Amino acid sequence: MKRYKLKKNFDREQGQYAIDYKGELNPQQFKAVTNINGPQLVIAGAGSGKTRTLIYRVAYLVENNIDPSSILLLTFTRKASQEMMRRAANMLDSRCSKVSGGTFHSFSNYILRKYAPVIQFTPNFNVVDRGDSEDIINVIRTELGLNKKEKRFPRKGTIMGIISKAVNKCSDIARVLESDYPHFAENLPDIIQIAQKYKEYKHQQQVMDYDDLLVYLRDLLRDNEQIRWKISDTYRYIMVDEFQDTNKLQAEIAAHLACRHQNIMVVGDDSQSIYSFRGANFRNIMDFPQNFPGTLVTTLEQNYRSTKPILDLTNAIIENAYEKYSKTLFSEIPGTEKPIYLETRDEAEQGEFIAQRVLELREEGVPLNKIAVLFRAAWHANELELELKNRNIPYVKYGGIKFAEAAHIKDIISFMRVMHNPYDEIAWMRILLLLEGIGPGFAARIIASVLKLEGELKGLIDKEFEKKKFYLSLMELYNTLARLKKSALSPGEKLEKVVEYYQPLFKIQYDDYQRREKDLESLVRIAVRYTSMEQMLTEMVLEPPDTSQVDVEATGADKEKLVLSTIHSAKGLEWHSVFLIHLVDGFFPSSRSIDNAEEIEEERRLFYVAATRAQQNLYLLSPQLEAPSWGFQHQGYGFSEPSRFISEIDNFDGLTDSWALEIDSDDPF
DNA sequence: TAGTGAGAGGTTTTT
DNA sequence: CCTCTCACTA
């Protein structure tokens, strides 16, 4: 780890800075850091010190007496954002921790709560996740009687996907349908109707989904000049990281934010664009200079992360991209180890190899948390996880099903949600269906009764339900909620009481409740941190805790854990040694993208992102896999082919070392 | 109207 | 494989 000396006695009058910018940065980085006014685009290759440039720029601004809270750092993913904010806070001195920033979504949330009335929302609107959105769609679809129509009507998830894509691309449903879902073309009018109702519903219930956060912020800025000016005046220096992952909506927001000063720096890498499935468009980068005349463009090409042999391979990977990129990375980090390529007989062997190799690396002094296993889809690691558990190798897994999306967690959160915003029908529905004897029909009537009283909880125990056998449990629910809502307990304590109330319902609801019980304890532990209910609820959706799914706890002294991560979640991070698994056609690239040229391009960029995470060691693993029964049309006799991204590489054998597994002859098999 | 069980169909990645 | 849907029973 590099150590920075903080020189406390400097004299700014003489143009001296606490940090030796010129000495610690290369000329391109220095140029980007010290040019503080006007629009700027930094095209930064993988490992070229992109984040470093950003945070040095923060320090430089602060040293130039810019108020830290007027500096805004934005990015798309939480991971990247946390890393960026953490490193920024550690620069220079405590002033740097006052910098504003976060993900686009969390920033939007923050601003929208302030200006909620302008867009006809209460400041306690709830934010709903994808699952909740789909539930709302489902209700609407049933209400409109569209589920019984013809058999081929798209399911709720698909409908939500269509609507969301239209929003994120600033397109419309007709166009999305035409380009991505031609087989549902005939359902266009119905889907448009659902989308319209969906919007009304959310407003009526005072909830926003992920997309709304961006849309309403864009609208707020676009339609209110005064507010736009005020916000733009507040954030005088804007920096956006991973700009290639932003979509049109986010680019518009960024432009509005900069309207008063044009002090906006965006950083990105066109060859690492991997979020087009949600409307991200790397052309945002390309078009930036046109949208901001006078943009200073800097390209960072020196890689400070990987050894030369690794970089030679990653350059060869991206060489096959259809679009030719303007930069070639080089590295001065010596290294003799070429990346290692290994075909294994099956998935189990892949897991055994990794487990064994990981332990060896640790023997050699590489801490577990400096080693990562990366994969295309979360379930690719399932078998590996079993192997790691067997061998007691502690690990954390990122990506895949999230803690906050588990049904029992959502149950608890729903109680909190209705206390915070009683118009939240989806949360009510969830709660009421837990009570025995209440199904969708009565649940709807009970909710209506609550809404009639403008959200008064008393609506729960309306005389209408007095004769029903579930009345007693309704009373109990009412008592619990009313008492908690009035009480002065902290959000964490309230949540704990809810968990107590929930226990019996929980045991009836889930056969496997014992497996889930631990999660409830974790949730309570997480909840005590919060002083505000609103913050707790928002963070559960926007920055949900991602640990907790881990079963193998690190023992004793070594707290370090091996990292398992989807490639998407690994973006922007780096490890000493990286294992890339499931490099098999149909898995990576995924069979879903195989007949779409553009998607193949994105998969290749994803492969590139994965390989460029490695500093010293890179292992490429290609097991023989059985084609999933539902998967791609597998040719031949059930033998899978190594990923096309490997076979297409020029001189692959020269760039890598191939290993072959030798099975120990004492092995009973 | 709630709860259950069989069958079908879709299966990535993030906020 | 897991979730959603629909039809059936109580």
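Residue numbers begin at 1 in each chain, while the letters A, B, ... track the order of the sequences. Everything numeric here is computed off the predicted structure, so don't read it as measured data. Just so it is clear, the values below take in all heavy atoms, side chains as well, and ignore hydrogens, waters and symmetry mates.
Nucleic acid contact for A:Ile438: sugar-phosphate only, since backbone atoms but no base atoms lie under 4.0 Å from a heavy atom of the residue. Backbone-only contact: A:Ser569 has heavy atoms under 4.0 Å from sugar-phosphate atoms and none from a base. Within the nucleic acid shown, A:Gly437 comes within 4.0 Å of sugar-phosphate atoms alone, with no base atom in reach, counting heavy atoms only. Residue contacts for A:Phe277: at a heavy-atom cut-off of 4.0 Å it reaches a base atom on one of the strands shown.
Across the protein-nucleic acid pair, A:Lys571 atom NZ and B:dT14 atom C1' stand 11 Å apart, rounded to whole Å. If you take NE2 of A:His105 and C1' of B:dT15, they are 4 Å apart, rounded to a whole angstrom. In this structure, the CG atom of A:Asp212 is 12 Å from the C1' atom of B:dT15, given to the nearest Å. If you measure from atom CD of A:Gln272 to atom C1' of B:dT13, you get 15 Å, rounded to the nearest angstrom. Residue A:Trp379 contributes atom CH2, which lies 13 Å from atom C1' of B:dG10 at whole-angstrom precision. Rounded to an integer number of Å, the gap from A:Lys468 NZ to B:dT1 P is 9 Å. Distance CD (A:Gln250) to P (B:dT15): 11 Å, rounded to an integer number of Å. Protein atom NZ of A:Lys165 is 13 Å distant from nucleotide atom C1' of B:dT14, rounded to whole Å.
Annotation: of the two residues near DNA chain B, A:Leu542 and A:Phe442, the 5′-most nearest-nucleotide partner is A:Phe442. Sequence order on DNA chain B of the closest nucleotides to A:Phe104 and A:Arg445 puts A:Arg445 first from the 5' end.
Closest to the side chain of A:Ala378, out of B:dT13, B:dT12, C:dC4, is B:dT13. Comparing B:dA2, C:dC4, B:dT15 by their closest approach to the side chain of A:Thr103 singles out B:dT15. Distance from the side chain of A:Ala377 is smallest to B:dT12 among B:dT12, C:dT5, B:dT15. Considering only side-chain atoms of A:Arg278, the nucleotide from B:dG10, B:dT14, B:dT13 that sits closest is B:dT14. Each of B:dT13, B:dA2, B:dT14 was ranked by its minimum atom distance to the side chain of A:Arg130; first place goes to B:dT14. Listed nucleotides B:dT13, B:dG10, B:dG3 differ in distance to A:Glu436; the shortest reach to its side chain belongs to B:dG3.
When the C1' atom is used for both C:dC4 and B:dT13, the distance is 22 Å, rounded to whole Å. The gap from the C1' atom of B:dT12 to that of C:dT5 amounts to 24 Å, rounded to the nearest Å.
Looking at A:Arg113, its side chain does come within 3.5 Å of a backbone N or O of A:Phe125 through a donor-acceptor pair.
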- request: Begin with the C-alpha distance, continue with both residues' side-chain angles, and end with the deciding distance and a verdict on side-chain contact (heavy atoms from CB on, under 4.5 Å) for A:Asn382 and A:Lys397.
  value: CA-CA 10 Å; A:Asn382 288 164; A:Lys397 186 177 179 185; 3.5 Å; yes
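Using a 4.5 Å heavy-atom threshold, the side chains of A:Thr103 and A:Thr77 count as separate. Taking 4.5 Å as the limit, some side-chain heavy atom of A:Arg376 sits within range of a side-chain heavy atom of A:Glu603.
There is no side-chain donor-acceptor pair under 3.5 Å between A:Asn187 and A:Tyr181. A donor-acceptor contact closer than 3.5 angstrom is absent between the side chains of A:Tyr210 and A:Ser164.
The side chain of A:Thr566 places an N or O atom within less than 4.0 Å of a non-bridging phosphate oxygen (OP1 or OP2) of B:dT14. Between A:Arg78 and the phosphate of B:dT15, there is a side-chain N or O to OP1/OP2 separation shorter than 4.0 Å. Side-chain N/O atoms of A:Arg141 include one lying less than 4.0 angstrom from OP1 or OP2 on C:dT5.
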